[in-house]
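Comments concern the structure below.
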Amino acid sequence: MRVHVANHPLITHKLTVLRDERTPSPMFRQLVEELVTLLAYEATRNVHVEPVAIRTPVTETTGVKLSEPRPLVVPILRAGLGMLEGMVKLMPTAEVGFLGMLRDEVTLQPATYAERLPDDLSDRQCFVLDPMLATGGSLGAAIDFLFARGAQDVTAICILGAPEGVAAIEKQVGDRDVTLVLGALDERLDEKGYIVPGLGDAGDRLYGTV
């Protein structure tokens, strides 16, 4: 598994505001969108493209376009939905699927409660969106789900990660082709499975507690 932790002053600045408990939900949502777009530049570095002939106002030349089948962006509901707009702004022609994952707050184990994905993901590059990589349970289950559908190349984008979660994902994916892109790698998990220093519950801060 390849792990890339972003090291850019703009990302660190936006993360600082995102972490602040005083940041209201509208600003929180805007910052998440901006952060995902920045992280997506790194996450899509190896996106599959193919040559295409075009004519500029001056001459004919060759550029590139996204290859078929198109990349698939998969936010993990509900918090991952807040990352979707930032990702599709960068790749507007990508297709979008959804996975609903729920973590049991006692056992910390994930369960899938909803999915909207193609039956066959062969030859599809998949980009999974999940704001927080804490224990790794939900993200690991989502990655397994995609590979079970035939995916061969999965990139996960997380705003924050904990060392415990990174280690869990690395152990789980084995020799499968997985890339993990993080906005920051934080210190640790607390006894409740929350990232420290973290930013709290990303879903609640995006959408409220309902």
Side-chain angles (χ1 to χ4, degrees), residues 1-6 32 35-50 66-103 109-185 195 202:
M1 184 177 75
R2 296 170 296 278
V3 180
H4 177 80
V5 182
V32 167
L35 277 165
V36 172
T37 301
L38 291 171
L39 294 173
Y41 278 106
E42 182 61 37
T44 56
R45 182 176 297 275
N46 295 314
V47 69
H48 296 166
V49 294
E50 59 188 46
L66 292 181
S67 298
E68 296 287 345
R70 289 177 289 168
L72 182 69
V73 179
V74 184
I76 299 178
L77 304 178
R78 67 177 169 149
L81 196 60
M83 303 172 68
L84 180 59
E85 188 64 25
M87 189 71 183
V88 296
K89 274 189 174 182
L90 193 68
M91 286 199 308
T93 60
E95 295 183 350
V96 178
F98 297 94
L99 266 179
M101 310 293 297
L102 190 64
R103 186 178 76 160
Q109 296 302 307
T112 302
Y113 67 86
E115 65 92 1
R116 185 71 174 178
L117 295 168
D119 291 332
D120 184 7
L121 296 177
S122 301
D123 300 321
R124 297 290 290 267
Q125 282 185 296
C126 298
F127 296 87
V128 184
L129 309 179
D130 194 10
M132 314 293 283
L133 173 53
T135 63
S138 295
L139 183 59
I143 291 172
D144 282 347
F145 197 104
L146 295 175
F147 275 100
R149 289 283 177 95
Q152 300 172 8
D153 180 349
V154 175
T155 296
I157 304 174
C158 304
I159 293 172
L160 294 180
E164 296 92 331
V166 173
I169 295 297
E170 189 168 23
K171 180 179 179 181
Q172 182 170 340
V173 302
D175 60 357
R176 292 178 291 181
D177 191 355
V178 174
T179 300
L180 175 62
V181 177
L182 302 174
L185 183 62
I195 300 173

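These numbers come from a predicted model, not from an experiment. Sequence positions, counted from 1, serve as the residue numbers for this chain.
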Which heavy atom of Gly183 sits nearest a heavy atom of Leu39, and at what distance? CA-CD2, 3.7 Å

Would Leu84 and Phe98 count as a side chain to side chain contact (heavy atoms under 4.5 Å, CB included) if you check the C-alpha gap in whole Å, the side-chain angles of each, and the deciding distance to 0.1 Å? CA-CA 10 Å; Leu84 180 59; Phe98 297 94; 4.2 Å; yes

Flag side-chain contact, heavy atom, 4.5 Å: Leu133 against Leu180: yes

Taking the side chain as C-beta and beyond, is there a heavy-atom pair between Val47 and Met91 under 4.5 Å? yes

In terms of heavy-atom contacts, Leu160 and Ile195 come closest through O-CD1, 4.1 Å

Return the minimal non-hydrogen interatomic distance between Gln152 and Asp177, and the atom names on each side. O-CB, 3.2 Å

Hey, does Val3 have a side-chain heavy atom less than 4.5 Å from the side chain of Ile169? no

Can you find a heavy atom in the side chain of Pro69 that is under 4.5 Å from one in the side chain of Arg124? yes

Does Arg2, at its CZ atom, have more than 12 non-hydrogen atoms belonging to other residues, nucleotides or ligands within less than 6.0 Å? yes

Non-hydrogen side-chain atoms of Glu164 and Thr135 separated by less than 4.5 Å: no

For the backbone of Asp144 and the side chain of Gln172, can you confirm whether one donor and one acceptor N or O come within less than 3.5 Å of each other? no

For residues Leu121 and Cys126, report the shortest heavy-atom separation together with the two atoms involved. CD1-SG, 4.2 Å

Would you call Met101 and Asp130 a side-chain contact if the rule is heavy atoms closer than 4.5 Å? no

A side-chain contact here means heavy atoms from C-beta on lying under 4.5 Å apart; do Val73 and Met83 qualify? no

Run the side chain to side chain contact (heavy atoms under 4.5 Å, CB included) check on Phe145 and Val74 step by step: do they pass? CA-CA 11 Å; Phe145 197 104; Val74 184; over 6 Å; no

What I'd like to find out is whether the side chain of Thr44 reaches to under 4.5 Å of the side chain of Phe127, using heavy atoms alone. yes

Heavy atoms of Thr37 and Gly86 approach each other most closely as OG1-O, 2.8 Å

Which atoms form the tightest heavy-atom contact between Val32 and Gly82, and what is the distance? CG1-O, 3.4 Å

Residue pair Met1, Val166: steps toward the side chain to side chain contact (heavy atoms under 4.5 Å, CB included) verdict: CA-CA 10 Å; Met1 184 177 75; Val166 173; 4.3 Å; yes

Given the rule in the side chain to side chain contact (heavy atoms under 4.5 Å, CB included) test, do Met87 and Ile157 qualify, once you have shown the distances and angles that lead to the verdict? CA-CA 10 Å; Met87 189 71 183; Ile157 304 174; 3.7 Å; yes

